[in-house]
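In what follows, a single structure is set out as structure tokens and then discussed.
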Amino acid sequence: MKIPPVKGTRDFYPQEMAVRNWIIDGWKRVSVRNGFEEYDAPIFEYLKMFQIKSGDEIVEQLFSLTDRGGRELALRPEITPSLARMVNQRINSLPRPIKWFSVPRLFRAERPQKGRLREFFQWNVDIIGVDDVLADAEVIFCALDYLREVGLGRDDVVVKISSRQMLAALLRSVGVARSELEELYAVLDKRNKLPDDAFEEMLAEKIADEGKRRKVIDLMSVESIEQINELLELDETAQESVNELERLFELLGVMGVAEYCEFDIGIVRGLAYYTGIVYEIYDKASELRAIGGGGRYDDLLKQFGGPAIPATGFGIGDCVLAILLEDKGLLERQLPSRKLDYFVACVDKSYRQAAVELTMKLRSAGWTAGFSYKTAKLSKQLKEASDQKAKKCIIIGDEFKNRQLVVKDMATGEQETVDYDKFFSGLESKAR
RNA sequence: GUGAGAGUAGCUCAGAUGGUUAGAGCACUGGAUUGUGGAUCCAGGGGUCGCGGGUUCGAGUCCCGUCUUUCACCCCA
């Protein structure tokens, strides 16, 4: 009976595994050099943990189960709640700022489509305990540091940035009630995803008043922070958040990544918990869904039963990123790394044991070494050596009776006969 | 959850109007070559044609269902 892979999952053959490792190793390396420490949490949590933040709607999109003790659990669809829990548990003993990252494997029971699967990896980088917009700039830099390193330039990716707090203040100043904001965000989030008339139609369902609606549409059409000043009289909160955004762009300039960043008032994020700066990372051609996104979530730890501590961070998934990297031709070189330092061949069955023994000696000395399961035909063994990308091939033949080996350089084809003991004394000094 | 397209060997795909034993290239295994690899040539293995049901003397081909997949919508943490 053939059992197929589960819907929305991937098998990682060595080829795909090499790509996955390359992506994740890059995430980790960049996180560490930006001063972040790695953490992780269980792959399943109490179901209710994921309901706190997002409500019952989210439950439909979770893989959930009841264990034998009757506990209602769910495979994690994100790691931020676990992060909040972990930080809250030790909030009084953790030195601040808390700069942590993680590469969790996540699960969402959605219908798979381009760039979205049911099981995936996500790079999460967060700074907890810093109010300053400098922290937002630092995590954005961290994301760009990675993207730049793997070869994505300013013609490939863009970070679109706005501020929830500013948007809220501006909407209130044009007459939108505080209680209407939440629902409106969902519509405004579509601003960049819909044609103008469809967007306006959708907006009309939320805002009946023509004049008020016009003002919102005008507001959502601004293309720069300066334009906001021209369009509206700013109250104190609005001015504060505009200043904050301006400072963020200034800092991104200092960090040398300004050309990757642009203001876009249409960035709202679907998620309710964002409180300040929000951003999404897109491919420049905007052909794919968002590569990642993030923002400030100053109230989240409190919602999870902790003190009110400011926090900011982002997440980047592996699916869209891999598609973009593939499109840009940046994955071609990521092949499985089965590269042998030495391949040990023997010309005759009688030398087989010597070949095995020699191979193990090489391995113990720290070299990557292999031998063939075939003993017939040297030519076959040499073919196997080149298939496995061996740098050198050691041939054990009749010279071995005089304790000598033939060492062949597979790249140049040159070979020399060397004394067995000399070969090993030379090797060990090299390995150190 | 809604809508549309697709499913033949590990991969890419042939297989008019239903008709004997379902093919090719690549990949894989072996040989040509008993102490010298990447090439070439030759040979071989590999398929319940996604699965189930129906129509028919006969189904890879037509019909229905189902699963998977792709794309879009919903949603996007």
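A, B, ... follow the sequence lines: proteins, then strands. Residue 1 opens every chain. Fair warning: this is a prediction, and the values are worked out from it, not measured in the lab.
- Judged by a 6.0 Å distance limit and a 45° cone about the ring axis, A/R164 is not positioned over the six-membered ring of A/Y274.
- A distance of 6.0 Å or more separates the ring centres of A/Y46 and A/F44.
- At the phosphate of B/G38, neither OP1 nor OP2 sits under 4.0 Å from any side-chain N or O atom of A/K389.
- Distances were taken from every side-chain heavy atom of A/Q113 (C-beta onward) to each of B/C76, B/G31, B/C73; the shortest belongs to B/C73.
- Nearest approach of A/F36 to A/W100, heavy atoms of both residues: CD2-N, 3.6 Å.
- Between B/U55 and B/C64, the two P atoms lie 15 Å apart (nearest whole Å).
- Side-chain atoms of A/Q89 never come within 3.5 Å of backbone atoms of A/M86 as a donor-acceptor pair (strictly under, hydrogens ignored).
- For A/R289 against B/C76, a side-chain-to-base donor-acceptor contact under 3.5 Å is present.
- Under the 4.0 Å criterion applied to side-chain N and carboxylate O atoms, A/K401 and A/D348 are not assigned as salt-bridge partners.
- Counting atom types as modelled, A/R111 pairs no side-chain N or O with a base atom of B/C76 as donor and acceptor under 3.5 Å.
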For RNA chain B, the expected dot-bracket line (Watson-Crick or G-U under 3.5 Å, [ ] crossing, | inter-strand) is (((((((..((((.....[...)))).(((((.......))))).....(((((..]....))))))))))))....
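- B/A16 shows a glycosidic angle within 90° of 0 and is accordingly assigned syn.
- A distance of about 16 Å separates the C1' atoms of B/C26 and B/G45, rounded to the whole Å.
- Counted within 6.0 Å of CD on A/E38, heavy atoms from surrounding residues, nucleotides or ligands total more than 12; the atom is thus considered enclosed.
- Residue-level contact check: A/I395 touches the bases, meaning some heavy atom is under 4.0 Å from a base atom.
- Contact annotation: A/K377 reaches the phosphate of B/A32 (side-chain N/O to OP1 or OP2, under 4.0 Å).
- For a distance-only test at 3.5 Å, the side chain of A/E110 fails to qualify as a donor-acceptor partner of the base of B/G1.
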